[in-house]
**Student:** 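This is the structure I have questions about; it appears just below.
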Amino acid sequence: MSRDAASGSLQRDSTSAFAILGGTPAFAEPLHVGRPNIGDRDRLMARIDGMLDRAWLTNGGPLVREFEESVARILDVPHCVAMCNGTVALEIAIRAANLRGEVIVSPFTFVATAHALQWQQITPVFCDIDPRTHNLDPNRVEDMITPRTTGIVGVHLWGRPCAIDELTEIADRRGLGLLFDAAHAFGCSYKGRMIGGFGSAEVLSFHATKFVNSFEGGAIVTNDPVLADKARLMRNFGFADYDEVSYVGTNGKMPEVAAAMGLTSLESRHEFLEANRRNYEAYRAGLAGVDGIELIVHDDEDLVNLQYVVIEVDEAAGLSRDDLQRVLWAEGVLARRYFFPGCHRMEPYRSFFPHAGLVLPEAERLAGRVLSLPTGSAADPEAIVVVTELIRQALAIGPQLRREMRTAGKADADLSAPWPLSAAS
Ligand SMILES: *Cc1c(COP(=O)(O)O)cnc(C)c1O
C-alpha cells in the first residue's frame, strides 16, 4: 500500500497530482477486481492429503459428493450436479432442458452465457434489460418470442435476482423452458427463497474469481430429479452404467481437488461476505454525495454476497466512464468495465446481428456507464477510502482533468489489457 493509503490522506487538489498527469500513483501494488478469496489453507491441505491417500482423484469421489450435498443444503434445493466449470454446466443444463432453435437471453452478461447456447447451434436472441436492475426486462421478453423460441435464460447479474416471478409466468404461459445463470448469485435470495431453486434449473460458477470458488468449477442445481439425472449422465459421457451409454455426453466432471477447494471455500463464505460487506459499506460511505456516480444497491430484504461493487458513471458530471477508468488505472486501481461492450457487440454475434443494438438501447447505454471496483477479501477498507477519494477528487475537477488528459495525449490510452490478465485470477 502507498503512503497516501497508509496515512489515510489523499491530496489530488490539482490535476498534476493525479498519476495520469505525472503524479505519484496512489497504489504501488495494483488493486485488482476479482482477486480470489482464499479460505483456510490448512483445511484445504488436509483435504488434499486425504484425497492423495485414497488415490481417488475424480469420477464421483467423496469430496465431490460432499460438495454437492453441501451446496444443495445451503441453497435448499434437492439436486446439485457439480461440474468442471460454469460454462460446461450451462451447456449441459441447456441440453438437459431440451432447448433448441432460439433462446432469449440478456446481452449484458459475461459472454459465456451466450456462447453456451451458440456452442450447440442455438441462437441467442438478445433482449433488452431493465436499467434499474441490469437484468432482462420482462416487459420486453414477449416481443422477442418467435415460433422457433424454446426458452429463456435469465442472469442474476451482480447477484441481484432477475424478475423471477414475471419470467416464470411468461415461460409457463408460453410453454418455454426457463434457466437461470446464477454464476454471480451463490448465497443470494429472492423474496425469502435461496437462488438455486427457480426455473427448470439454475447454474452456478465456482471460478476462482467468484464468491465461492473451487479453482475452476460449476454446478447445476434443480428441483427436477429427471433433469438432474440427465445432467449427471451427460457430464460423464452419457454413461449410465459400466458399458451402457444412454445419451450423447461430454466430460463435465469436477475433479476431487476442485471439490477440496470448494468445500474449504464454502466453510469461509461468512468471512468472505463480511469482507465484502465491510468493503461495500466503505464504498457507500466514500461515494455518498458524489455527483455523477451511482453505486448499485441491493434489496434490503434479500440475502446478498456483494461480490461485485459496480458503479454507474454519468458523463454529464464531467468525466466519462472511460476517462475515470484511465485515471484509476494510472493510480493502480484496476477497475473493469464489466460487461462492456455487451455480448451483441462481440463475435460472432456482432456479425450475425449487426443491428441488434437498435433494439437494445438500455444495454447499450449501460455498457457505456458501468465500472466494477475492487473488493473481496484481498481488498480492505483503507484501500477503498483511497479509491473513493480518487473518484471524488477526480470528479470535483472533472472537466479540467479531462481537458488536460486530452492535451497530454492520455485520453485514449488502451483500456483492453494494460496489466497481465493472469494477475487478476
Ligand atoms: C463466470 C461466469 C460464467 C462462466 O463460469 P465459468 O465457471 O468461468 O465457466 C457464466 N456466466 C456468468 C454471468 C459468469 O460471471
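Order of listing sets the numbers, starting from 1, for every ligand and every atom in it.
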**Student:** Heavy atoms only: which of Gly86, Gly34, Ala89, Ala208 lies closest to atom 6 (P) of ligand 1?
**Tutor:** Gly86
**Student:** Does Glu216 reach ligand 1 with a nitrogen or oxygen that is under 3.5 Å from one of the ligand's nitrogen or oxygen atoms?
**Tutor:** no
**Student:** With a 4.0 Å cut-off on N to O distance, would you call Glu68 and Arg65 a salt bridge?
**Tutor:** no
**Student:** Is it possible for you to check whether Arg269 lies under 6.0 Å from the centre of the six-membered ring of Phe211, through NZ or CZ, and within 45° of that ring's axis?
**Tutor:** no
**Student:** Return the closest protein heavy atom for atom 8 (O) of ligand 1 as residue, atom name and distance.
**Tutor:** His207 CB, 3.7 Å
**Student:** Run the salt-bridge test on Glu274 and Arg277 with the 4.0 Å N-O cut-off and return the result as yes or no.
**Tutor:** no
**Student:** Indicate yes or no: does an N/O atom of Thr109 lie under 3.5 Å from an N/O atom of ligand 1?
**Tutor:** no
**Student:** Is Arg321 close enough and on-axis enough to Phe340, meaning under 6.0 Å and within 45°, for cation-pi?
**Tutor:** yes
**Student:** Taking all non-hydrogen atoms of both residues into account, name the closest pair between Pro25 and Ala19 and its distance.
**Tutor:** CA-CB, 3.7 Å
**Student:** Heavy-atom distance to atom 4 (C) of ligand 1: which of Val203, Thr113, Thr87, Val153 wins?
**Tutor:** Thr87
**Student:** Any Lys/Arg nitrogen of Asp165 or Lys191 sitting under 4.0 Å from an Asp/Glu carboxylate oxygen of the other?
**Tutor:** yes
**Student:** Does an N or O from Tyr308, backbone or side chain, lie closer than 3.5 Å to an N or O of ligand 1?
**Tutor:** no
**Student:** Nearest to atom 15 (O) of ligand 1, what protein heavy atom do you find, and at what distance?
**Tutor:** His184 NE2, 2.8 Å
**Student:** Please report the shortest heavy-atom distance between Phe206 and Leu204, naming the atom on each side.
**Tutor:** CZ-CD1, 3.8 Å
**Student:** For ligand 1, indicate whether the residue Lys210 contacts it via side chain, backbone, both or neither (heavy-atom separation under 4.0 Å).
**Tutor:** side chain
**Student:** Can you figure out which of Ser106, Ala185, Ala219, Ser205 has its heavy atom closest to atom 7 (O) of ligand 1?
**Tutor:** Ser205
**Student:** Just need the protein heavy atom nearest to atom 10 (C) of ligand 1, so name the residue and atom and give the distance.
**Tutor:** Asp181 OD2, 3.5 Å
**Student:** Any atoms of ligand 1 less than 4.0 Å from a non-hydrogen atom of Gly217? List them with their elements.
**Tutor:** 7 (O)
**Student:** With the side chain counted from C-beta on, respond yes when Met405 and Leu401 share a heavy-atom pair under 4.5 Å apart, and no when they do not.
**Tutor:** yes
**Student:** Is Glu29 salt-bridged to Arg35, cutoff N-O under 4.0 Å?
**Tutor:** no
**Student:** As an exercise, identify every atom of ligand 1 less than 4.0 angstrom from a heavy atom of Phe110.
**Tutor:** 2 (C), 3 (C), 12 (C), 13 (C), 14 (C), 15 (O)
**Student:** Ala116 near ligand 1, heavy-atom distance under 4.0 Å?
**Tutor:** no
